[in-house]
Visitor: 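After the structure tokens below, expect a handful of questions from me.
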Amino acid sequence: MSWETVIGLEVHCQLGTRTKLFCGCPTGSFGQPANRFICPVCTGQPGVLPVLNRAAVELAFQAAMALECRLAERSVFARKNYFYPDLPKGYQVSQYELPFSRDGKLAIADKTVRIHRIHMEEDAGKLLHAIGSEELPYSLVDFNRAGVPLIEIVSEADMRTAEEAFDYLTNLKAVLQFGGISHCDMEKGELRCDANVSIRRPDAAFGTRVEIKNLNSFRAVRDAIVHEAARQAGVLEGGGTVVQETRLWDVAANRTEPMRSKEEAHDYRYFPEPDLVPLVAEEAWVARLRAGLPELPAARKARFMAEFGLSDYDSGVMTAERPLADYFERVVSVAGRPAAKAAANWVQSDFMARVKAEKADLAAVPVTPEMLAEVVTMVVSGKISGKAGKEVFARAWETGKKPAELVAELGLTQVSDEGELRAWVDAALDGNPKAAADVRAGKEAAIGSLVGAVMKLSRGKANPALVNRLIKEKLAS
Ligand code: ADP
Ligand code: MG
Ligand code: ZN
């Protein structure tokens, strides 16, 4: 009999605010020198008081709306007490018994995963280990992240395969990005995931779960779940029992390792945060936030299909990421709706290939949406050939020059003048009597080599559709 894997995910997402949850320190400290973005509040100095960041609360509520959660009219911040050197106050301000939202859902490929709850909390600092010499190693702490606003999104244990967990994370990230909640850049720690994994015989009660931490990518989540489920199966089949514990994913070794239990024995002694009043969500305020929630990925995909006539597949690709959807939509708004399908093709082929190859940031690519729209327009209207369009695109990417300028500079304007084309056609027919005879004899396929000959004579500038027609006319007469 086979085992079934049961998975529940806990996702931490950094809210995209400028400043921290309880003070005015900036949040954008990734890659910056340590301890430059701190103040007495976020380093927990005696006598300070927190002031709740309205923008963070608004984004948190909009996240909950995007995930179809029930919103609490009244929620309460709580202190989660534990000692760790990256936690200056000795407690983390979080929410416990009364989180601001519960009971949401997120659709994945062929099921809906229920969301148990979402609560707000502040981030901790970061320990920098293995500093100093080998004889005298020591650790330092960077508090830049301390107090950065987060939401924790806790799913129900509704997923049954590593693939479903991967899909859930992919869709969750898309909803959070499109909703304007977070950039969700995992490399910057803006999205983090812990996976709870157990196995059971189908239809049996849930087994004992293991929580896996240290998952740095969606792929790591998927791999860790597969390996952890196999490990648990080995334990149970060997007559053992699975111990409820926290394990760390070791990417290099491809296995989970138990975490030192010392770090695990938590008794958080939660109690309500006395320095913050309960959070009351007024109806009018909630309605305003709901009205201001940006278009979510599913709606945007449907709109691209309806408004631009894109296929299901193309629309899915164009809405895979918010920055890409924004880029594409801007191209269409400049090139015009009739060019939308061509624009989608350009974005998927030359554009994405270049972005991937250079790991370019979509917000700062050298070919702006306006420039790509110019290339698309010139190709669609027949001013330049598709091949020339590719060249112009590549040059525009490398030089930042305007496509129209490049077309002039490189002499790529397509020739559609019939008089000029006829001269090339005549020369091509004279030079290829065999192919000409084949076409006359009804071998349609032979026309390709004649068109090719014209393209060569014109150094790629002849309009191939026109050339094709002119050759046919000529040979039929
Ligand atoms: P805790 O309060 O200790 O964090 P929760 O009950 O809140 O525990 O569960 C945390 C996560 O673990 C949730 O995502 C939940 O769906 C998941 N989970 C709970 N039980 C199991 C189980 N038996 N197998 C897999 N995941 C589980
Ligand atoms: Mg938990
Ligand atoms: Zn601060």
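Both counts, for ligands and for their atoms, begin at 1 and track the order of listing.
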Visitor: Only to 10 degrees, please: what angle do the SG atom of C39 and the SG atom of C23 make about the Zn ion (ligand 3)?
Guide: 110°
Visitor: Atom 20 (N) of ligand 1: which of R114, R200, R209 has the nearest heavy atom?
Guide: R209
Visitor: Taking salt bridge (charged side-chain N to carboxylate O under 4.0 Å, His left out) as the test, write out the residues that go with R114, two or more places apart.
Guide: D158
Visitor: Which of the numbered atoms in ligand 1 are under 4.0 angstrom from any heavy atom belonging to L9?
Guide: 14 (O)
Visitor: Under 3.5 Å, is there a donor-acceptor pair between the side chain of N144 and the main chain of I38?
Guide: no
Visitor: Please tell me whether F351 and Y327 form a close aromatic pair, meaning their ring centres lie under 6.0 Å apart.
Guide: yes
Visitor: Among I153, V242, V6, which residue places a heavy atom closest to atom 25 (C) of ligand 1?
Guide: V6
Visitor: Does the distance from a Lys or Arg side-chain N to an Asp or Glu carboxylate O, for R288 and E282, drop under 4.0 Å?
Guide: no
Visitor: For G207, counting its heavy atoms only, list the atoms of ligand 1 lying under 4.0 Å from any of them.
Guide: 23 (N)
Visitor: Ignoring angles and geometry beyond distance, decide whether I7 reaches within less than 3.5 Å of ligand 1 through its nitrogen or oxygen atoms.
Guide: no
Visitor: Could you see which bit of N196 sits under 4.0 Å from ligand 1, with heavy atoms only: side chain, backbone, both or neither?
Guide: both
Visitor: Give a yes or no on whether the ring-centroid distance for Y91 and Y82 is below 6.0 angstrom.
Guide: no
Visitor: Between E156 and R117, does any NZ, NE, NH1 or NH2 come within less than 4.0 Å of an OD or OE carboxylate oxygen?
Guide: no
Visitor: Quick check: does A157 get an N/O under 3.5 Å from an N/O on ligand 1?
Guide: yes
Visitor: Using a strict 4.0 Å cut-off to heavy atoms of V154, name the atoms of ligand 1 that fall inside it.
Guide: 13 (C), 14 (O)
Visitor: ring-ring contact (aromatic ring centres under 6.0 Å, His included) for F304 and F328? Distances and angles first, verdict last.
Guide: CA-CA 10 Å; F304 281 1; F328 167 72; 5.3 Å; yes
Visitor: Under 4.0 Å, heavy-atom basis, I'd like to know which part of E10 is in contact with ligand 1: side chain, backbone, both or neither.
Guide: side chain
Visitor: Check each atom of ligand 1 against the heavy atoms of E156 and keep those under 4.0 Å away; list them by number with element.
Guide: 16 (O)
